[in-house]
Every structure is written in structure tokens, then in C-alpha cells.
There are 2 protein chains.
Amino acid sequence: MAPCVSLLLPVFAILATLPVIRSAHTFFPRPSYDQSLARQPDASKPKIPYKAHYFPQVLDHYTFQPKSSKIFYQKYLVNSHYWRRGAPIFVYTGNEGDIEWFASNTGFLLDIAPKFRALLVFIEHRFYGESMPFGNKSYKSAETLGYLNSQQALADFAILIRSLKHNLSSEASPVVVFGGSYGGSELKIPSQLLMLNGCSKWPSFLLSLSVLAAWFRLKYPHIAIGALASSAPILQFDDITPWSSFYDTVSQDFKEASLNCYEVIKGSWAELEALSAQKEGLTELSRTFRACQFAFDTSMRIWPSMQNLQKKIPKCPKINLLDPFFRDLHSLDSVWDWLWSAFVYTAMVNYPTEANFMMPLPAYPVQAMCKIIDGFPSGASKIISVFAAASLYYNYSRAEKCFKLEHGPDTHGLHGWDWQACTEMVMPMSCSQESMFPPSGFSYKEFAEDCMKTFGAKPRPHWITTEFGGKRIDRVLKRSGGNIIFSNGMQDPWSRGGVLKNISSTIIALVTEKGAHHVDFRFATKDDPEWLKELRRQEVEIIQGWIDQYYADLKRLNNE
Amino acid sequence: MAPCVSLLLPVFAILATLPVIRSAHTFFPRPSYDQSLARQPDASKPKIPYKAHYFPQVLDHYTFQPKSSKIFYQKYLVNSHYWRRGAPIFVYTGNEGDIEWFASNTGFLLDIAPKFRALLVFIEHRFYGESMPFGNKSYKSAETLGYLNSQQALADFAILIRSLKHNLSSEASPVVVFGGSYGGSELKIPSQLLMLNGCSKWPSFLLSLSVLAAWFRLKYPHIAIGALASSAPILQFDDITPWSSFYDTVSQDFKEASLNCYEVIKGSWAELEALSAQKEGLTELSRTFRACQFAFDTSMRIWPSMQNLQKKIPKCPKINLLDPFFRDLHSLDSVWDWLWSAFVYTAMVNYPTEANFMMPLPAYPVQAMCKIIDGFPSGASKIISVFAAASLYYNYSRAEKCFKLEHGPDTHGLHGWDWQACTEMVMPMSCSQESMFPPSGFSYKEFAEDCMKTFGAKPRPHWITTEFGGKRIDRVLKRSGGNIIFSNGMQDPWSRGGVLKNISSTIIALVTEKGAHHVDFRFATKDDPEWLKELRRQEVEIIQGWIDQYYADLKRLNNE
């Protein structure tokens with residue numbers, strides 16, 4: 001198997017020198033956009049004005065066994081440029097990925113730091129990025145993954161923040177926590193988990209740990225004076241929010257952009273199914289969708305580093321790096337997944353300006369996608385239409401020569417989020433008749449069986465609502481809790497699982513009709529619409545209010 | 001070793017038939033009291049109007065490993081006599097002992113249940129009473145004891161309450177949690193742990209898990225609409241409350257009763273030390289203090305049952321059941337411990353009426369003790385004076401013929417509370433120059449070394465304040481939290497670690513100058529003073545307000 005390794009770099013070299021295959025207009029639409037926004041080769045590791053630190057963290061906060069006292073190193077980033085002792089500390093409660101990626105996609109904090117003279121701290125979530133308690137064996141089994149859950153992560157934040165304040169001799173600094181959602185690269189789920197979260201063959205979308213900031217304020221009000229939770233679906237659990245709401249919202253976004261667009265997408269699944277059932281159907285689909293060999297996706301930063309991956313290459317039983325550049329698909333699933341991801345993520349990031357969050361995209365990309373679909377003559381192949389639309393998502397920068405529709409074997413170990421979804425973060429989802437996706441339900445039984453098979457773990461579907469609440473949240477938080485902003489953009493499919501109405505005078509819902517997934521957390525740009533500027537202005541004003549109140553309390557208590 | 005077992009009952013029989021040794025007046029004071037209050041032989045297992053149930057509980061809520069999904073059976077008691085579906089549920093969050101004992105000492109809930117038509121539920125704390133996750137091996141080592149901590153216990157309560165409401169089809173019932181302190185038998189700490197909590201040779205006093213009700217409301221506001229935390233020292237951790245406050249308050253109670261009494265006790269320790277250093281000093285002390293052989297203390301209900309204990313008897317290497325009835329003490333420590341416990345517990349239960357909580361005692365027992373001391377002529381032996389005073393505590397019922405000053409070997413396994421004190425519940429205590437106890441400091445280093453030696457576990461002295469807060473509590477809870485009553489009696493040494501001032505309009509401190517340790521939780525009696533009736537009246541009124549508000553919210557939301 002040694003050649004398998006030695007051929008790795010040469011194969012990449014071959015790929016790089018292949019002639020560029022120019023696509024037809026319908027396959028590779030080229031809307032007008034600023035080339036500077038396109039993904040650059042080095043964009044995978046953006047430069048950010050933060051210094052990395054590593055905190056010795058306790059593995060298990062909730063059993064006091066000797067083995068659980070094991071220490072691992074938790075990464076956190078600090079920017080102290082604007083700060084002076086005693087001034088506020090703004091903490092981003094890291095979620096399911098590399099913390100540097102979050103930092104680079106949360107420009108809002110850098111924008112507002114000077115006004116508050118704030119220290120900025122981005123704490124990486126355990127079991128993601130570099131914060132691996134068991135190194136490259138962290139995803140090995142339920143024995144190691146067991147320590148990956150939100151309660152342990154919240155305790156990590158609490159301990160780290162307290163220690164940081166102590167070390168800075170700034171224990172009186174007010175702390176405000178910020179949580180947005182997953183900030184970066186496209187996440188893929190191992191094929192065996194595709195059925196886990198309802199809508200049968202389709203993956204759940206991994207953008208939900210923004211809930212941590214809200215939960216942190218609720219559980220640790222003595223550590224954070226307030227929280228801005230942007231696009232936090234804290235009501236997406238159990239039976240609080242209708243299970244079809246997520247995909248219904250995606251569908252509504254497209255329907256609002258164009259009824260024809262919605263109908264073409266809705267009709268495309270049957271056409272795809274019919275074609276794939278034909279002889280040579282998959283071969284035709286492979287050509288149409290320009291499927292290329294999956295080898296190594298360096299953007300998968302949540303998995304072990306390339307170096308670790310290479311160690312595993314000798315075992316690669318199914319990867320043949322000498323496979324032809326284009327290859328036949330094994331099943332229709334990967335095409336569905338590819339399209340599905342494009343539509344869902346585009347709805348999530350339906351931002352009012354050009355942006356490069358999940359992928360480089362133009363302003364209002366849902367509208368742009370629908371414009372492509374609407375550009376086809378009536379009666380055109382729905383398959384070609386949806387491919388062209390999805391290409392906007394995957395190839396707005398025109399850098400792609402083929403598309404990696406299929407994943408390689410899971411040589412990386414099990415995926416952190418899948419573990420969380422299979423244990424605590426159970427978010428049932430279904431597709432209604434009204435959605436543009438094929439209708440399907442959610443079977444807890446099947447879900448639990450899959451989880452048991454995959455991880456040997458049984459999901460606890462009611463655990464999150466027992467531990468953090470959510471049911472009748474307005475009534476509960478009216479009599480406890482305070483100083484939380486729940487910000488949601490109604491374009492975002494996660495918004496329906498968020499808090500959309502004020503709960504009390506200090507638990508505020510800021511809702512924007514045109515907003516998408518934590519649009520407020522992005523760097524301000526000159527093209528931002530008024531409603532976005534106003535949203536951020538309100539957030540800053542409310543946070544300023546918390547901080548003023550904190551210092552006033554402090555002064556009054558010190559004088560007593 | 002078989003005779004060791006077979007002799008058990010005969011020896012008890014011999015003890016029972018020994019002629020009663022009548023004490024001199026100064027040794028066995030007999031103040032006037034109602035004989036019916038004296039401890040009866042069957043009082044160790046009081047009859048209570050509750051039905052016992054057992055709930056299948058998850059061992060570890062915070063790691064999702066297969067082994068942590070182990071189930072154990074958690075005991076809880078229910079009285080549904082006054083309840084109808086939809087009416088409130090009052091939950092007592094069990095603390096460090098047998099739940100039946102708590103139930104029998106929390107008559108307040110039975111007194112108020114008819115008014116609220118409340119369901120009463122007493123949930124036993126894991127690792128106490130019958131709720132042993134690993135049976136009689138539960139205290140075996142840190143591997144098993146690791147799961148004994150307050151966070152796991154709170155999650156137990158949350159899960160059990162939710163399940164109970166579901167099973168009762170009464171999910172809309174408001175839940176109010178109640179927490180008092182340890183409700184019963186005298187707790188002993190294995191000798192190796194005597195130095196753990198400061199004041200050098202003396203044990204900490206184990207009455208602190210009343211904090212659970214307050215913490216539960218703070219962490220689980222979605223499950224409990226309010227909490228009445230009686231005598232909850234939630235500020236006794238870390239450096240929030242001066243470490244000497246506990247013993248200073250005990251001392252103050254005695255000083256207020258009589259300056260002479262305080263001075264006699266304060267001077268007695270040196271006299272005891274001087275006597276014990278003399279030849280035959282310990283023999284003299286043994287006679288003076290009527291030390292009897294410790295064999296088996298059936299009142300130790302927090303340890304494994306007698307049945308389990310008997311299984312271990314064959315191994316009893318140090319117990320000789322044929323020892324003489326009186327025996328020489330091995331060191332002065334046990335005398336100090338015996339006196340110390342008498343003074344501290346008496347201060348804690350300095351109730352305004354006769355009561356049988358820790359021990360049967362007259363009304364205002366501190367004053368009664370001081371009356372005994374003040375009855376000695378000036379210049380009398382301080383040793384004899386303090387023995388006479390302490391006898392009020394140990395022998396008010398006149399049933400004791402000798403006193404078990406020394407503990408037997410720890411055949412019971414390690415003690416649950418010691419584990420908690422050595423890991424999370426670190427409450428540093430010291431004795432100041434002003435206290436009536438010998439001055440001493442608290443050394444965290446020594447404490448940690450002892451814990452490591454005993455359990456192989458390192459204490460986390462800042463964990464409780466990180467997890468539950470406490471520092472600057474007024475400022476923190478003013479902006480979050482609500483619906484908590486902190487009730488404290490200033491006679492109670494724990495009161496200084498409690499919340500003694502209102503924090504907000506819904507976080508209320510009820511303080512009584514003459515109150516002792518959760519006096520409000522006892523059954524009402526015809527002799528209760530006005531201030532106690534008023535305290536309970538206020539509590540009922542506030543709880544009624546929470547419940548009215550809850551139903552009003554429910555009605556309003558249902559109409560929306």
C-alpha cells in the first residue's frame with residue numbers, strides 16, 4: 001500500500017495541471033460579482049488579529065474521578081488591542097469547529113471593540129479545531145466522545161473566563177457572551193448518518209451551537225452579565241417547534257423569490273429519481289453534475305489535520321488515487337445531498353450583500369439562484385435547471401473544475417457533531433407536503449437504532465429541554481433570567497426555532513424580515529442596508545445598557 | 001472470627017440488663033421537660049404518611065458513554081392525599097441522608113399541603129439512604145463516588161420531576177422546591193477526616209445541602225417556579241463569607257445567653273489539655289465523661305444498613321465486643337469532638353420550643369446549657385461544667401448510661417459527605433480569637449493533602465462558585481433569577497453563609513433574630529412564638545403569590 005502515500009502529492013500536481021474544462025453557460029453561470037471576494041487558495045486559513053493561547057482544561061467537570069481530572073489544552077484567541085483593565089470582556093462561545101474560522105467570520109466584535117474598549121476572546125469548543133482532549137484519537141469511540149457535550153463545554157467556558165479574569169487582575173470586568181453559528185467550511189456527514197435527522201436521505205445542517213451563548217447566560221449569570229445569541233435555535237428541540245419548520249422556511253425563501261423557481265426545485269427530485277433508475281442513468285448524472293473524484297478535502301478543518309490523515313493513508317482500502325478525474329457516481333444520494341446542501345445553505349446565508357461565509361456568493365443569493373432557474377425556458381429539464389442553480393453556490397468563484405459529490409471513506413474517525421446529534425442535540429426534522437423537498441417524517445426509533453449502530457450510544461431526546469428548558473420559554477424566562485438578545489433573520493431556516501418575541505424588558509427578540517443566519521455578526525460593509533445597520537445599532541445600544549447598569553451597580557455597592 | 005457475629009445480640013442484651021448507673025446531679029442534669037418528647041426506641045424509623053417509590057435514574061448525566069448510562073434506583077416518597085391533577089407539586093430536594101428522616105422532620109410541608117392541595121414529593125439524594133448506585137459498594141472508591149456530586153443530583157431531580165409530571169398527566173402543575181438541611185441523626189466523620197475542614201481537630205458539620213433547592217431554582221427555572229431554601233449557606237464557599245463566621249456565631253449564641261457560660265467553655269479546652277497530659281489523665285477523663293465502648297451505632301442511617309454491616313462483622317479486626325462497658329479513651333480528641341458537637345448542634349437547633357431534631361432538647365437549649373454552667377459555683381472545674389452542659393444535649397431523655405465518645409473502625413466504607421467535602425463542597429472554616437473554641441486557621445494545602453491521601457481526589461475549591469455563583473450575589477441575581485425565599489435564623493451558625501438581605505422583589509430574605517436551623521420547616525406546635533408563626537405566614541403568602549402568578553400566566557398564554 002505504500003504507493004498510495006507516495007502518489008498523494010503527484011496526483012494533486014496532476015490535478016493542478018489539467019486543462020481547465022470550460023462549462024456551458026447553463027452549467028457554470030457567471031453573474032456579475034467582485035472577483036476579489038472569490039475564495040482564494042489561502043483563504044482556508046484566514047489571517048485574523050488574534051493571538052492563540054492554550055488553557056489547561058479539566059476533561060470531566062461532573063464526575064470527580066481521578067481519570068476525569070485529566071487535563072487537555074483548550075485553544076482560545078485574544079485581541080487586547082482596545083482593552084484596558086476593568087473594561088468589558090466580550091467572549092465568543094465557540095461552537096462546532098475551528099475557532100479561527102469563527103473569529104474570521106465574526107467581524108462584528110472587532111467592529112464594536114473600540115467603542116467598548118473591549119477585550120475580545122474566542123474560546124474553542126472542546127473536541128473541535130485544535131482542542132482535542134485525546135489528540136487524534138478524540139473521535140475514536142464513545143469512550144472518548146462521551147466528554148463531548150454542551151454541559152461540559154459550558155463549564156469549560158466558565159472556568160476559562162474566571163481564570164482569565166483572575167490572571168488579568170480584572171475580576172470586575174463585565175463579561176458579555178456572543179454566540180453565532182458555525183462559521184465556515186462546508187461540513188459533510190458520513191454516509192451512514194445521512195438518515196439520522198429526518199427528511200430521510202438528507203443530512204441535518206450543522207449550525208446550531210449558537211445556542212451556547214444563550215444557555216451560558218441562563219446557567220452562568222454570575223459569569224456573564226448578558227448574551228447576544230444570534231440565530232440561536234434554542235427551541236428546535238423535542239416537540240417545541242414543528243419539525244417541518246426548518247425545511248418549510250427554506251422552501252418559503254425560494255417561493256417568495258419566485259414561484260416557478262420553487263416549483264422547478266420541487267419537481268426536480270422526481271426527475272432525478274427517474275433518470276437514475278434508467279440504464280446508464282447514473283453515468284449521465286455524473287457527467288451532468290461534473291462529478292469528480294473525492295480524494296482529500298483540505299477544507300475539512302474539523303477533522304484531524306492533513307498530517308494525521310496521511311498517517312492513515314496506507315490503510316486506504318477504497319481510495320484509488322489513480323482513478324480518472326471524472327468518475328461515475330455510486331448512487332443518486334450524493335446528487336440529492338449536493339443539491340440539498342446548496343439550497344439549504346443558500347437560504348441560510350441569503351445575505352443582502354456579497355459575502356464569503358459558507359461559500360463566496362452574491363447579494364441575496366436565493367434570488368440570484370431563482371433568476372438562473374427562471375432564465376430557463378418553460379419545459380426545460382428541471383435537472384439541468386437545478387444543477388445550474390446549485391452551481392451558483394458551489395462555483396460562484398469559477399474556481400471549480402469538477403464537483404466532489406461523493407465523500408471518501410471515513411478515514412477520519414467519527415464526526416464530533418454526529419456524536420452530539422446522536423446523544424444530546426436531537427433535533428427532529430421532517431419535510432412537509434408544502435416544502436420543496438420530498439416529503440418525509442422523522443422516526444425516533446430508526447434514529448435511535450442508527451445511533452446505537454454507529455456509536456453504541458442511545459440518544460436522550462428530552463435531555464436538552466430538561467437541562468436547558470425551552471418549553472413555554474416565555475412564561476419561564478419572564479420570571480427568571482435577563483439580559484439576553486435573541487437575534488433572528490426570518491430568511492434563516494433556523495429562525496423558526498429561535499425566540500421571536502420579547503419575553504421581558506431584558507430578554508429581547510430582534511427580528512429582521514430580510515435577515516439571514518447571524519447576518520449581524522458579519523463585518524459591517526458600505527453596502528449594508530439600513531435595516532441591518534439599525535439591527536446592529538440596537539444590539540450595541542442594549543449591550544451598552546447592560547454594561548452601564550453593571551458599572552452603576554458596582555459603584556453603588558462599593559459605596560454601601 | 002465467627003463468634004464476633006454470634007456475640008452481637010447477646011452483648012446488646014447484656015447492656016440492656018446492666019443496672020442503671022445513676023449519675024450525680026452535675027453530671028446528668030434533669031431540667032423539667034415532657035417525657036413524651038424523649039427519644040423512644042422506635043423513633044429511629046419514624047412513621048410517615050408517604051409512600052415510597054423507586055425511579056430508574058441514569059448514573060451519569062454529563063458523559064454520554066455507554067457505561068455512564070447505567071441505571072440505578074432512586075427512592076422518592078409521595079403523599080397525594082390532598083392533591084388533584086393540575087394542582088401544585090411541592091418537592092423536597094433531598095440532601096445528605098435517608099429521605100424518610102427528612103420527611104419526618106419537615107412537617108411544614110404536611111401542614112401547608114391542604115391549603116395548596118399540593119402533591120408532596122421527597123426525593124432522596126443519590127448515594128444516601130437507599131439510593132445507592134452501586135449497592136453496598138457505592139462508597140468503595142473514587143471510581144464509584146465520582147458520581148456523587150451536586151450537579152448530578154440536581155439533574156436527577158430535574159429528570160425525576162419531569163417524568164413524574166408526565167406520568168401523572170399533570171404537566172401544567174407548578175412545582176415549588178423546598179430544601180432544608182440535614183434532618184436527623186448525628187453524623188460522625190471517620191477520624192482520618194477530622195482535620196479536613198479547619199479548626200484543626202474538629203469535624204465540619206454536615207448540614208449544608210439545603211443549598212440544593214436554591215441552586216435548583218437558579219439552574220432549572222423551567223422546572224421549578226420557585227424555591228424556599230431554609231438555612232441554605234450558599235455563600236459559605238470559597239472566600240465569600242469570613243471563614244470564622246460559623247464558629248463565631250456559635251460562640252455568640254452562648255455569649256448572648258451568658259458571658260460566664262461562654263468564658264467557661266472557652267477556658268475548658270486548656271483545662272482538658274492539661275489534664276490529659278497528666279499521668280492517668282485520660283483514665284480520669286474517661287470516667288468523668290462516662291465513656292463507653294463503641295460497638296454499633298444503629299442511628300448511622302446514612303451508612304449501609306445494619307444488614308450489610310453485619311455481613312462485614314466477621315472482618316472486625318479491632319472491635320472486641322467483650323470489652324468492659326466503660327473503657328479508657330485513646331486520646332483527648334474524642335472528648336473535644338464530643339463537646340464540640342454538643343455546642344455546635346445545640347446552637348444550630350436552638351429552637352423556641354421543645355424539639356427532637358438532632359436530639360431531644362428543651363426549648364432554647366443554649367440558654368438551658370448555660371443555665372447549667374452558671375449553676376456551678378465560681379471557680380468550679382470547667383471540665384465538669386462543660387460535661388454537665390453537654391450532657392443536656394446527649395442525655396436530655398436520661399436514656400443514656402454511658403457515652404460513645406469514640407468511633408469504631410470504619411467498617412462502613414467511606415462516607416458520602418466526606419467525599420463531597422473533599423471534591424466540590426469545600427467550605428473552609430477557621431476559629432477566631434473571639435470564638436469559644438481554640439483558635440485555628442484553615443490550610444488548603446493540608447486539606448488537599450488529606451483528601452488526596454483519603455480518596456485519591458483533589459479538591460476543587462473554586463468549583464462551586466464557578467458552577468453556581470455566590471460572589472456578588474446581590475448584583476448577579478438582581479438581573480437574573482427570581483422566586484426564591486432564603487430563610488435564615490440568626491441563632492443558626494450557618495446563617496452567616498446565607499442570603500440575609502432581599503436581592504430583588506422576588507428574591508427575598510426572611511431573617512428571624514431568634515430563629516435556628518430551618519425552624520420554619522418543623523411541624524407547627526401550639527407553643528410556637530409569634531415571630532415563627534409570622535415567618536411561616538410570610539412564606540405561605542409568597543409561595544401563594546408565585547402559584548397565583550403562574551396560573552394567571554398560564555391562563556393568559558392559553559388565551560393568546
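Worth saying up front: this structure is predicted, and the values here are computed from it rather than measured. By convention in this document, chain letters (A, B, ...) are assigned in the order of the sequence lines, proteins followed by strands, and residues within each chain are numbered from 1.
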Quiz item: So what's closer than 4.5 Å to chain B heavy atoms on A:Lys471: side chain, backbone, both or neither?
Solution: side chain
Could you look at [X] and say if it's the side chain, the backbone, both or neither that has a heavy atom under 4.5 Å from chain A?
{"X": "B:Glu143", "value": "both"}
{"X": "B:Asp60", "value": "both"}
{"X": "B:Leu554", "value": "both"}
{"X": "B:Arg162", "value": "side chain"}
{"X": "B:Trp463", "value": "side chain"}

For [X] and [Y], which heavy atoms make the closest approach, and how far apart are they?
{"X": "A:Ala457", "Y": "B:Phe64", "result": "CB-O, 4.4 Å"}
{"X": "A:Ser480", "Y": "B:Pro221", "result": "OG-CB, 3.2 Å"}
{"X": "A:Pro66", "Y": "B:Gly456", "result": "CG-O, 3.7 Å"}

Quiz item: Residues two or more places apart in sequence or in another chain: which of them pass salt bridge (Lys or Arg N to Asp or Glu O under 4.0 Å) with B:Asp548?
Solution: none
Could you give the distance from [atom1] ([X]) to [atom2] ([Y]), rounded to the nearest 0.5 Å?
{"X": "B:Asp474", "Y": "A:Asp553", "atom1": "CG", "atom2": "CG", "answer": "8.5 Å"}
{"X": "A:Gln65", "Y": "B:Ser141", "atom1": "CD", "atom2": "OG", "answer": "8.5 Å"}
{"X": "A:Ile223", "Y": "B:Thr465", "atom1": "CD1", "atom2": "OG1", "answer": "8.5 Å"}

Practice problem: Can you establish whether the number of heavy atoms outside B:Lys458 located under 6.0 Å from its atom NZ is more than 12? | Solution: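 Check fails, neighbour count at 12 or below.
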Practice problem: Apply side-chain contact (heavy atoms from CB on, under 4.5 Å) to B:Phe468 and A:His222, showing your working. | Solution: CA-CA 8 Å; B:Phe468 297 111; A:His222 47 286; 5.5 Å; no
Self-check item: Counterpart residues, side chain to side chain donor-acceptor pair (under 3.5 Å), relative to B:Tyr220 (two or more places apart)
Solution: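 Per chain and number, B:Tyr220 pairs via side chain to side chain donor-acceptor pair (under 3.5 Å) with A:Glu467, B:Tyr62.
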Quiz item: Can you check whether B:Leu557's main-chain N or O pairs, donor with acceptor, with A:Arg472's side chain at less than 3.5 Å?
Solution: no
Quiz prompt | For chain B, the option from A:Gln549, A:Arg556, A:Arg217 that forms the most heavy-atom pairs under 4.5 Å | solution =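 Result: the option with the highest number of such pairs is A:Gln549.
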Quiz item: In terms of heavy-atom pairs under 4.5 Å with chain B, which of A:Gly481, A:Ala158, A:Gly470, A:Gly226 leads?
Solution: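 Between A:Gly481, A:Ala158, A:Gly470, A:Gly226, the count favours A:Gly481.
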Quiz item: Relative to chain A, which of B:Lys478, B:His61, B:Arg460 shows the most heavy atom pairs under 4.5 Å?
Solution: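 Most heavy-atom pairs within the cutoff with chain A belong to B:Arg460.
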Quiz item: Quick one: of B:Ile161, B:Asn483, B:Ile159, who has the most non-hydrogen atom pairs under 4.5 Å with chain A?
Solution: B:Ile159
Quiz prompt | For chain B, which residues of residues 499-508 of chain A have heavy atoms nearer than 4.5 angstrom | solution =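 Answer by number: none.
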Practice problem: Among residues two or more places apart or on two chains, list those pairs meeting salt bridge (Lys or Arg N to Asp or Glu O under 4.0 Å) that have a residue in residues 144-159 of chain B. | Solution: B:Arg126-B:Asp156
